[in-house]
Amino acid sequence: MKRKLDWEIRRENLFKIIEVGGSDNIISRGYDMLSTLVIVINLLVSVLATFDQIEAHYSGILVVVELITVIFFAVDYVLRLWTAKYLYPKVSKYVAVRKYVLSFTGLVDLFSFLPYFLPIFFPSGAVAFRIFRIMRIFRIFRINAYYDSLNVITEVIANKRQQLMSSVFIILILMLASSLCMYSLENKAQPEIFQNAFSGIWWSVSTLLTVGYGDIYPVTFLGKVFGIFISFLGVGMVAIPTGIISAGFVEQYNRIKQISEYAQEEDVNFIKVQLKEKDVWANSKIKDLGLPRGMIAVVIQRQKDIIVPRGEVVLRSGDTIVLGAESYIQEGRIDLKEIVIKEQNEWAGEKIRDLDISRRSLIVLVKRNERVLIPDGNLEIKVGDKIILYTQERILDANHIQI
């Protein structure tokens with residue numbers, strides 16, 4: 001049982017390493033940098049291999065470097081399969097593996113190395129398998145996960161996907177409509193070029209997208225007039241998705257800037273709580289703690305590990321929880337009173353629950369020598385204690401404290 005638990009701990013630690021790590025996890029950040037370097041080197045080798053002179057002189061080095069990078073991709077894929085249960089913690093182990101294998105990143109990771117080794121088992125399909133190596137270029141999207149600045153691109157496209165899809169749909173409709181119109185105008189004058197309704201698609205694409213190859217063009221008067229109209233319309237059509245993406249970048253950076261500014265304006269106080277075996281929160285999930293509104297669990301420290309406090313995380317005895325809450329802001333002031341307990345004081349030797357105090361009074365804390373004690377009913381007041389309390393009654397020899 002213990003051996004099985006050790007393997008699970010190793011698997012969890014390995015998952016933390018191969019996934020995108022925080023700045024405090026040096027090993028994970030080192031793996032992220034290594035993965036980025038291997039991806040760049042692999043793509044660089046693929047590009048250099050297309051040059052005949054470089055291929056002739058350095059083919060052996062290129063083959064070795066490519067083999068090393070592909071082996072790294074294969075090992076990385078196996079490790080991600082083994083730790084998939086932590087990538088999808090809400091499902092079973094086998095479902096998690098299946099979800100990773102069938103995901104976009106899983107397919108990209110698979111095709112990053114599989115086509116390289118398939119010709120060993122199927123020599124006749126070497127040419128076809130080589131084409132699948134192009135999938136390797138999609139692995140560069142993993143770099144996007146390692147750096148927050150690159151994540152802005154993904155977030156902008158994801159947030160504006162509806163508008164982008166609408167603009168692409170409009171462009172496709174205009175391409176088809178312009179192709180049909182140009183066929184009607186140019187078919188009799190150029191039957192060998194505009195042979196059918198779809199023969200003008202290439203012309204509409206090159207015109208609407210302002211490429212303008214000039215290999216297909218109208219020769220009739222009406223065709224030229226229509227071509228001028230489509231050319232002007234194409235400038236506006238291309239500007240639509242460009243404007244959407246540009247506006248998305250502006251919104252995203254403004255949002256990040258506002259978050260940064262608000263974070264500086266609003267003070268947040270943090271407290272640290274270490275759980276003991278008998279604490280109510282021990283063995284409870286974060287979502288079941290019942291934290292009041294305005295208070296959040298910021299981070300959990302479990303031995304040397306730093307854990308993000310998601311709702312399903314189960315707290316254990318020995319965990320240190322950092323809680324955050326907004327600073328108390330009030331225009332008025334709260335007056336507290338400090339009392340030093342002397343020998344003749346009737347509170348000396350009494351427990352807090354037995355004190356005869358007004359219901360409008362509240363003991364905030366007790367200072368005993370250098371210690372600060374949280375008052376509860378069983379705490380016994382001793383001579384020399386400093387009692388800080390909130391009360392609306394007048395107390396002799398009490399020092400006033402203003403908050």
Side-chain angles (χ1 to χ4, degrees), residues 10-11 13-23 25-88 96-158:
R10 292 176 185 175
R11 181 185 298 191
N13 292 335
L14 183 61
F15 172 76
K16 296 175 182 177
I17 293 174
I18 64 177
E19 285 300 306
V20 180
S23 57
N25 194 332
I26 299 177
I27 299 177
S28 181
R29 293 300 294 172
Y31 187 86
D32 295 344
M33 295 175 64
L34 177 62
S35 298
T36 303
L37 181 62
V38 171
I39 292 170
V40 172
I41 290 175
N42 183 270
L43 295 177
L44 183 62
V45 168
S46 300
V47 173
L48 293 177
T50 61
F51 292 87
D52 294 336
Q53 293 181 348
I54 296 178
E55 177 71 17
H57 292 84
Y58 303 101
S59 60
I61 297 176
L62 295 178
V63 169
V64 172
V65 173
E66 184 180 21
L67 177 61
I68 293 173
T69 56
V70 169
I71 291 176
F72 177 86
F73 294 154
V75 173
D76 180 82
Y77 183 78
V78 173
L79 295 179
R80 292 183 187 277
L81 283 178
W82 192 50
T83 59
K85 61 177 292 185
Y86 294 103
L87 184 62
Y88 304 100
V97 171
R98 186 183 65 192
K99 289 185 68 174
Y100 168 70
V101 170
L102 298 179
S103 66
F104 174 76
T105 54
L107 292 174
V108 170
D109 292 345
L110 178 64
F111 282 102
S112 296
F113 69 91
L114 188 61
Y116 186 90
F117 298 108
L118 282 179
I120 300 175
F121 305 98
F122 307 98
S124 58
V127 177
F129 295 143
R130 192 171 187 84
I131 297 175
F132 283 104
R133 294 188 187 182
I134 300 173
M135 287 286 291
R136 236 181 263 171
I137 196 170
F138 290 104
R139 196 176 178 91
I140 202 168
F141 284 105
R142 280 211 173 271
I143 300 177
N144 191 41
Y146 299 145
Y147 302 99
D148 293 335
S149 57
L150 295 178
N151 279 330
V152 176
I153 301 173
T154 306
E155 291 177 4
V156 168
I157 294 176

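Atom CD1 of residue Ile54 and atom CG of residue Leu48 lie 4.5 Å apart, to the nearest 0.5 angstrom. Interatomic distance, CD1 of Ile27 versus CG of Leu14, reported as 11.0 Å (0.5 Å rounding). The distance from the OG1 atom of Thr69 to the CG atom of Asp76 is 12.5 Å, given to the nearest 0.5 Å. The distance from atom CG of Asp32 to atom CG of Leu37, rounded to the nearest 0.5 Å, is 12.5 Å. Here the CD1-CD distance, from Ile71 to Glu66, works out to 11.0 Å after rounding to the nearest 0.5 Å. The distance from the OG atom of Ser103 to the CG atom of Leu110 is 10.5 Å, given to the nearest 0.5 Å.
Of the residues Val108, Leu102, Leu107, the one that meets the side-chain contact (heavy atoms from CB on, under 4.5 Å) test with Phe104 is Val108.
Counting only distance, with no hydrogens or angles, the side chain of Thr50 and the backbone of Ser46 share no donor-acceptor pair below 3.5 Å. Judged by distance alone, the side chain of Arg80 and the main-chain N or O of Ile18 form a donor-acceptor pair under 3.5 Å.
Residues Phe113 and Val75 have side chains not in contact (no heavy-atom distance under 4.5 Å, counting atoms from C-beta outward).
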query = Stepwise, does the ring-ring contact (aromatic ring centres under 6.0 Å, His included) test hold for Tyr100 with Tyr77?
reply = CA-CA 10 Å; Tyr100 168 70; Tyr77 183 78; 5.8 Å; yes

query = Please walk me through it: do Phe72 and Leu34 pass side chain to side chain contact (heavy atoms under 4.5 Å, CB included)?
reply = CA-CA 10 Å; Phe72 177 86; Leu34 177 62; 3.8 Å; yes

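The shortest heavy-atom contact between Thr83 and Phe15 is O-CD1, 3.6 Å. Closest approach of Leu62 and Val45 over heavy atoms only: O-CG1, 3.7 Å.
In this structure, the side-chain contact (heavy atoms from CB on, under 4.5 Å) partners of Ala96, at least two apart in sequence or on a different chain, are Ala84, Tyr88, Val91. Checked against side-chain contact (heavy atoms from CB on, under 4.5 Å), Ile61 has the following partners two or more places apart in sequence or in another chain: Tyr58, Val65.
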